[in-house]
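FYI, the numbering just counts along the sequence from 1.
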Amino acid sequence: MSRGISDLQKRILVLCFKSRFLTCQDILHQVFAGCEYETAHASLSRCLTRLWVRGLIEYWKTLTRYRTGLTLTDEGKELAKAILEEEAEGPFSG
């Protein structure tokens, strides 16, 4: 079900599913800790744009002067649940 979604996109969907609401700053701190800000921000921007185009996230712009937040759409929640279920099953050892 999560085909065509990058590892970074999966991680963001799961983080947002668990938190219900994230700011871009939250994601930068949790996912890109230690990376150069400009590089991390560019990667995050591209990733979030792809998730938005697929209809998996909603943007909440200008919550404060510098912050943008996001939440999952219903489709995004379903995909995040599927990702968590796939991770819980682990690799097939049969």
Side-chain angles (χ1 to χ4, degrees):
M1 180 171 199
S2 61
R3 286 189 179 146
I5 300 289
S6 71
D7 289 339
L8 176 58
Q9 290 171 332
K10 288 178 185 179
R11 190 162 178 200
I12 290 169
L13 288 171
V14 169
L15 284 171
C16 196
F17 181 75
K18 290 179 178 179
S19 299
R20 295 192 180 173
F21 182 86
L22 287 175
T23 65
C24 292
Q25 196 68 27
D26 295 333
I27 296 169
L28 285 170
H29 286 293
Q30 293 183 44
V31 176
F32 294 100
C35 293
E36 289 187 33
Y37 179 81
E38 291 81 15
T39 302
H41 195 274
S43 295
L44 177 61
S45 178
R46 285 189 303 273
C47 181
L48 292 178
T49 298
R50 290 180 185 121
L51 291 172
W52 179 78
V53 166
R54 292 179 85 146
L56 300 173
I57 64 170
E58 290 184 57
Y59 277 114
W60 301 93
K61 294 195 180 234
T62 60
L63 295 172
T64 64
R65 186 171 175 195
Y66 301 106
R67 292 193 177 189
T68 298
L70 60 109
T71 57
L72 298 179
T73 62
D74 289 339
E75 187 178 348
K77 289 175 189 174
E78 290 301 315
L79 183 54
K81 285 182 202 176
I83 292 166
L84 287 169
E85 289 170 2
E86 286 176 8
E87 290 175 355
E89 292 174 8
F92 181 74
S93 60

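- Lys81 meets the salt bridge (Lys or Arg N to Asp or Glu O under 4.0 Å) test with Glu78; sequence neighbours excluded.
- Applying the side-chain hydrogen bond (donor to acceptor under 3.5 Å, both in side chains) test to Ser19 and every residue at least two apart in sequence or in another chain returns nothing.
- The side-chain contact (heavy atoms from CB on, under 4.5 Å) check on Cys24 picks up Leu44, Leu48, Thr68, with sequence neighbours excluded.
- Not counting sequence neighbours, the partners of Thr73 by the side-chain contact (heavy atoms from CB on, under 4.5 Å) test are Glu58, Glu75.
- Asp74 CG to Leu79 CG: the interatomic distance, rounded to the nearest 0.5 Å, is 12.5 Å.
- In terms of heavy-atom proximity, Arg20 sits nearest to Thr71 at O-CG2, 3.4 Å.
- Using a 4.5 Å cut-off on side-chain heavy atoms (C-beta onward), Ile27 and Arg11 make no contact.
- Residues Phe21 and Cys16 have side chains not in contact (no heavy-atom distance under 4.5 Å, counting atoms from C-beta outward).
- Interatomic distance, CG of Leu70 versus OH of Tyr59, reported as 7.0 Å (0.5 Å rounding).
- Here the CG atom belonging to Leu8 is positioned 9.0 Å from the CZ atom belonging to Arg50, to the nearest 0.5 angstrom.
- In this structure the side chain of Val14 reaches within 4.5 angstrom of the side chain of Leu84, judged on heavy atoms.
- In this structure, CD1 in Ile83 is found 6.0 Å from NZ in Lys10, a value given to the nearest 0.5 Å.
- Annotation: side chain of Ile12 is in contact with side chain of Cys47 (closest heavy-atom distance under 4.5 Å).
- Closest approach of Gly76 and Leu13 over heavy atoms only: O-CD2, 4.5 Å.
- Partners of His41 by side-chain contact (heavy atoms from CB on, under 4.5 Å), not counting sequence neighbours, listed by chain and number: Leu28, Tyr37.
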